[in-house]
Structures are given as structure tokens and as C-alpha cells.
Chemist: 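First the structure, then my questions, so here it is.
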Amino acid sequence: MTLALAGCGRDDDSGSGGAGPGVTDDPCPNAVDDSKGCIYLGTITDLTGVFKGVGEPFTAGQKAFWDEINKAGGVGDYEVDVTRHVKDSGYDPEKHAELFNEIKDDILAVSQSLGTAHTNAILEDATNESILIGPASLGSNWIFDDISIEVGSSYCTEAMNAVDYAADQGARSIAVVHFPGDYGDDAMVGARIAAEERGLKFTDVPTGTVDGGDDQSAAIGAVLKAKPDYVIIATGPKEMASVVGGTAAQKFTGKFIGSIPSWNAAVLDSPAGPAIQALYMQASSFPTWEADVPGMEKMRAAAGDTAPNDWFSIGYSSGYVMKAILEKALEDDKLDREGLVDVANSLTGIDSEGTLPEGTANWAGDPNDDAVRVTQLNKVDPKASSKISLAVDPFTGPTAENYEFTEPCYLMK
């Protein structure tokens with residue numbers, strides 16, 4: 001009896017009973033149906049820092065997804081709230097950890113944790129307290145971790161596929177311009193592995209700092225010196241624009257393939273816009289805004305007057321993962337933290353109505369079963385609503401297809 005009371009009698013921050021932290025019998029703020037309880041999910045993102053162009057629309061997309069789910073009746077006897085516990089880390093790992101500690105007693109799980117190093121900063125505490133985390137990050141480390149519910153191909157896999165594509169186009173040399181740290185190093189190592197497999201000359205060009213901004217003269221000089229056929233770029237959009245524009249101004253005609261966070265449509269309004277349109281493609285494992293699949297049709301309807309933005313659509317799509325976990329937890333009578341972790345690690349896939357890449361949410365197997373390996377390449381397209389459109393259909397190159405993950409790629413830098 002004591003164990004039963006301990007499992008069911010904990011109160012959340014509002015003081016109302018529920019299955020445990022983040023689950024209440026009281027309705028959500030702004031509930032559609034006041035007779036339903038509320039599940040609170042936390043968000044720790046970047047609303048003011050170098051990746052606010054990701055964090056803001058990603059967070060808005062998540063809200064749009066759950067607004068639609070709540071309008072349609074919620075999940076079982078609950079609606080889901082993703083707005084009450086939204087925190088802005090400014091892309092600072094230490095602040096990210098502080099904010100997690102502020103909200104962890106009031107949430108069932110974290111639906112968005114933006115940044116690889118940032119999510120790593122809360123991983124130990126989250127593991128100790130069985131708090132499931134949805135990383136808004138594509139580090140290859142997540143496939144080794146049972147507490148994270150990652151979606152999409154890793155930066156490492158993206159880069160492998162980008163290099164395989166370049167080799168198939170006749171490239172003989174590759175350079176990688178990348179941020180230092182988990183994100184950039186993950187892409188660099190993936191590109192290096194593929195370059196070695198394909199016999200390509202490889203040049204590593206780290207930027208000096210994260211958020212280096214417009215001054216990328218050192219990286220520009222290194223690219224011009226190396227003269228690669230293709231450049232893999234794993235930075236933010238500002239740095240990408242600076243490198244592409246700066247090298248093109250010096251008559252560089254090599255092609256650029258950027259990791260997914262390197263793109264933001266606003267760069268087309270910069271002086272580098274024409275060079276980006278001519279030389280740049282984005283690697284991604286997610287469909288573009290205009291993709292003709294049922295889930296993206298629903299996303300566009302939910303977006304309403306929101307300006308088309310692929311980070312909004314990925315935020316929306318990520319909701320399918322948490323929804324599947326919550327539904328299964330309710331079905332199995334496991335709507336608590338430990339139950340959610342158990343349920344997540346029993347999944348072999350979910351139905352995302354075409355919004356997430358093949359292989360997403362196969363967490364029941366080992367890391368190599370877990371790893372999503374598909375990548376598509378998007379071209380800059382001013383006529384497209386989000387300014388990019390599909391250029392190369394989703395594919396898995398021979399390097400990623402055959403690679404055995406034994407540790408996170410960024411640890412192999």
C-alpha cells in the first residue's frame with residue numbers, strides 16, 4: 001500500500017493530484033475541455049541566441065501540433081500543455097542546465113531541448129530522474145542513450161551522405177567548415193569517414209568560435225587555399241552566408257552542402273544571397289514545407305498565417321513521437337516518468353503521416369538499429385514557400401549504409 005501511495009499521490013506544482021510530476025487532474029491553462037486533466041511538457045530552447053532562428057519556429061510548431069491534438073480531444077483523459085514551461089537558454093549550456101532544474105519538478109518530460117552540448121548538460125540528471133528528453137539536436141550520441149527520443153539523421157550521417165553524393169558527382173576533394181564542439185565536430189567526422197571510404201582529399205576547417213558571425217576570413221582563406229570540389233558546412237546561417245559569399249567573391253566555384261542548421265531563408269536577403277542560390281544545397285532528413293504527404297498537409301493547415309518555415313514544420317512533426325509515447329503509456333497504464341522511458345524504449349517505429357524520416361522511433365534495438373541513415377538534398381528555390389525545395393530524393397549512401405556506430409562521431413575528432 002505504501003508503494004501504491006508513493007506512485008500515485010505525488011502532486012505537481014499546481015497542487016492537484018495526478019500520476020506524478022507534470023500530470024494533473026486539473027485542466028490545462030486555456031484548456032479546450034475543462035473536464036480533462038493536463039500533461040505538462042517542458043521546453044528549453046534558444047529564443048535570443050545564435051540559433052533563435054531555429055528555437056522560435058520549432059517552439060511555435062510544437063504548440064501548433066498540440067493545439068490541434070487538444071482540439072481533437074487530447075490524449076486519453078488529458079490535454080497536453082507545451083507553453084507553461086518554456087525557457088530561453090540563449091544557447092548557453094550552463095543556463096540550459098539551470099533552467100532544467102527550475103522546471104524539472106513540474107513536468108512529465110522535456111519535449112524540446114535545443115543543442116547537443118546543452119542537452120548533454122542535463123542528461124545525467126534527467127537519466128537519474130527518468131525524465132524523457134526530446135533533443136532538438138541531431139548529435140550521433142543520442143542513438144546510444146535510452147533517455148532521449150531523437151528524430152532524424154545525425155549530423156554525422158548527413159555529412160557521410162553528402163560526401164557520398166559529392167563523390168558520385170565526380171568530386172575528388174572535400175573540405176568541412178564547421179563550428180567547434182559537438183554539432184560541428186559530428187559533421188566533420190562523418191565527412192572525414194566518408195572521404196576516407198571514397199578516397200577523397202580531405203581538409204578540416206574549424207571556425208574559431210560558435211557564433212563567429214560575419215567575420216569568417218580565416219575559414220574563407222582556408223577554403224580558397226584548399227580549393228575543394230565540395231565544401232560541407234556545419235555552422236549557423238550567418239557563418240554559412242559569410243563563407244559562401246566570401247569565397248564566391250574570390251571566384252571560388254566549388255559547391256556547398258550545409259548541415260540542416262546552416263540554413264535560414266533570411267540569408268537570401270544578404271549580399272551573399274546570389275552566391276548561396278548558385279552554390280549551396282541543404283542536407284536534411286525531413287520533408288520540405290510543401291511536401292505532398294498527409295502530415296505536412298495538416299501542418300500547413302495548423303500553421304495558418306504563419307510564414308512558411310521548415311523549423312516550424314520539424315517542431316510540429318516532432319509532436320508525433322511524443323504523442324505515440326503518451327498514447328502507449330496510457331494504454332499500458334504507465335503514465336509516469338519511468339513508464340514513459342519504458343514505453344519509448346519498446347517502440348520499433350511510429351506513424352508520423354510522412355513527416356518524419358524512415359526509421360524514426362526504432363528504439364527497441366541496439367544503436368545501429370536506432371540510427372536513421374537517410375538524407376535528402378534541398379536546393380535554394382526563391383519560388384518555394386520556404387525558399388527551398390527538394391533537389392535529390394532521400395537516399396542512403398554506401399558509407400552510411402555500411403557504417404557501424406560504436407561511439408558518438410564527435411568524440412572521434
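Nothing here was measured: the structure is a model prediction, and the numbers come from that model.
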Chemist: Evaluate whether atom CD of E129 has more than 12 neighbouring non-hydrogen atoms of other residues, nucleotides or ligands under 6.0 angstrom away.
Modeler: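 Correct, the count exceeds 12.
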Chemist: In this structure, are over 12 heavy atoms from other groups packed under 6.0 Å from N30 atom CG?
Modeler: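 No, not enclosed.
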Chemist: Could you check whether H96 and S113, counting side-chain N and O atoms only, form a donor-acceptor pair closer than 3.5 Å?
Modeler: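 A pair is found: one side chain offers a donor N or O, the other an acceptor, under 3.5 Å apart.
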Chemist: Could you label the plane-to-plane angle of the Y91 and H118 rings as parallel, tilted or perpendicular, counting under 30° as parallel and over 60° as perpendicular?
Modeler: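 It falls in the tilted class, 30° to 60°.
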Chemist: Report, as yes or no, whether the 6.0 Å neighbourhood of atom CG on D366 holds more than 12 heavy atoms from other residues, nucleotides or ligands.
Modeler: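 Yes, CG of D366 has more than 12 neighbouring heavy atoms, counting only those of other groups under 6.0 Å.
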Chemist: Below 3.5 Å, can you tabulate the donor-acceptor pairs from side chains in residues 48-59 to any protein atom, sequence neighbours excluded?
Modeler:
unit_1 : atom_1 : unit_2 : atom_2 : d
T48    : OG1    : D88    : OD2    : 2.8
T59    : OG1    : G55    : O      : 2.7
T59    : OG1    : Q112   : NE2    : 3.1

Chemist: Could you go through the side-chain contact (heavy atoms from CB on, under 4.5 Å) check for V163 and I232 one step at a time?
Modeler: CA-CA 8 Å; V163 171; I232 310 303; 4.1 Å; yes
Chemist: Could you tell me the separation between the OG atom of S111 and the CG atom of L132, rounded to the nearest 0.5 Å?
Modeler: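 Taking OG in S111 and CG in L132, the distance rounds to 10.5 Å.
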Chemist: Does atom CD (E327) have a neighbourhood of more than 12 heavy atoms from anything else shown, all under 6.0 Å?
Modeler: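 Correct, the count exceeds 12.
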Chemist: May I ask you to check whether T375 and N161 show a side-chain donor-acceptor distance below 3.5 Å?
Modeler: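 Side-chain D/A pair, T375 to N161: present.
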Chemist: Mark yes when over 12 heavy atoms from residues, nucleotides or ligands other than D77 sit less than 6.0 Å from its CG; otherwise mark no.
Modeler: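 No, CG of D77 has 12 or fewer neighbouring heavy atoms, counting only those of other groups under 6.0 Å.
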Chemist: Name the residue from D145, I122, I149, T127 that meets the side chain to side chain contact (heavy atoms under 4.5 Å, CB included) definition with I133.
Modeler: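 Exactly one pass, corresponding to I122.
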Chemist: What pairs with S386 under side chain to side chain contact (heavy atoms under 4.5 Å, CB included), at least two apart in sequence or on another chain?
Modeler: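 Testing S386 for side chain to side chain contact (heavy atoms under 4.5 Å, CB included), a comparison that skips the adjacent residues, returns W289, P308, D310, I388.
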Chemist: For S385, is there any backbone N or O sitting under 3.5 Å from a side-chain donor or acceptor partner on E290?
Modeler: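 It does hold such a pair.
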Chemist: Given D164 and T399, is the side chain to side chain donor-acceptor pair (under 3.5 Å) satisfied, shown in steps?
Modeler: CA-CA 7 Å; D164 275 334; T399 303; 3.0 Å; yes
Chemist: For atom CD of E102, decide whether the heavy atoms of other residues, nucleotides or ligands shown that lie under 6.0 angstrom number more than 12.
Modeler: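 It does: E102 CD has more than 12 such atoms within range.
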Chemist: For the CG atom of D106 and the OG1 atom of T24, what is their distance to the nearest 0.5 Å?
Modeler: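 Answer for the CG-OG1 pair, D106 versus T24, is 11.0 Å.
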Chemist: When you look at NZ of K413, are more than 12 heavy atoms from neighbouring residues, nucleotides or ligands closer to it than 6.0 Å?
Modeler: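 Check fails, neighbour count at 12 or below.
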Chemist: Sequence neighbours left out, cut at 3.5 Å: what donor-acceptor pairs do the side chains of residues 267-281 make with other protein atoms?
Modeler:
unit_1 : atom_1 : unit_2 : atom_2 : d
S270   : OG     : V267   : O      : 2.6
S270   : OG     : A272   : N      : 3.2
Y280   : OH     : S262   : OG     : 2.8

Chemist: Checking N368 now: which residues fulfil side-chain hydrogen bond (donor to acceptor under 3.5 Å, both in side chains) with it, not counting sequence neighbours?
Modeler: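 Testing N368 for side-chain hydrogen bond (donor to acceptor under 3.5 Å, both in side chains), a comparison that skips the adjacent residues, returns R373.
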Chemist: Could you work out, with side chain to side chain contact (heavy atoms under 4.5 Å, CB included) as the rule, every residue matching L330, not counting sequence neighbours?
Modeler: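 Applying side chain to side chain contact (heavy atoms under 4.5 Å, CB included) to L330 gives V75, Y78, L335.
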Chemist: Let's go through I350 and Y320 carefully: what are the C-alpha distance in whole Å and the side-chain angles of both, what is the deciding distance for side-chain contact (heavy atoms from CB on, under 4.5 Å) to 0.1 Å, and is it a yes or a no?
Modeler: CA-CA 8 Å; I350 63 166; Y320 281 94; 4.1 Å; yes
Chemist: For a side-chain contact (heavy atoms from CB on, under 4.5 Å) check, start with the C-alpha distance between K63 and V86, then their side-chain angles and the critical distance, and finish with the verdict.
Modeler: CA-CA 11 Å; K63 180 180 183 299; V86 174; over 6 Å; no
Chemist: Would a 4.5 Å heavy-atom cut-off, applied to side chains only, mark I260 and Q282 as touching?
Modeler: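 Of all side-chain heavy-atom pairs linking Q282 with I260, at least one is under 4.5 Å.
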Chemist: Mind checking ring-ring contact (aromatic ring centres under 6.0 Å, His included) for F256 and listing every partner two or more places apart, or none if nothing turns up?
Modeler: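 Checked F256 against ring-ring contact (aromatic ring centres under 6.0 Å, His included); matches are F252.
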Chemist: Answer yes or no: are there more than 12 heavy-atom neighbours, outside N101 itself, under 6.0 Å from its atom CG?
Modeler: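 Count over threshold, so yes.
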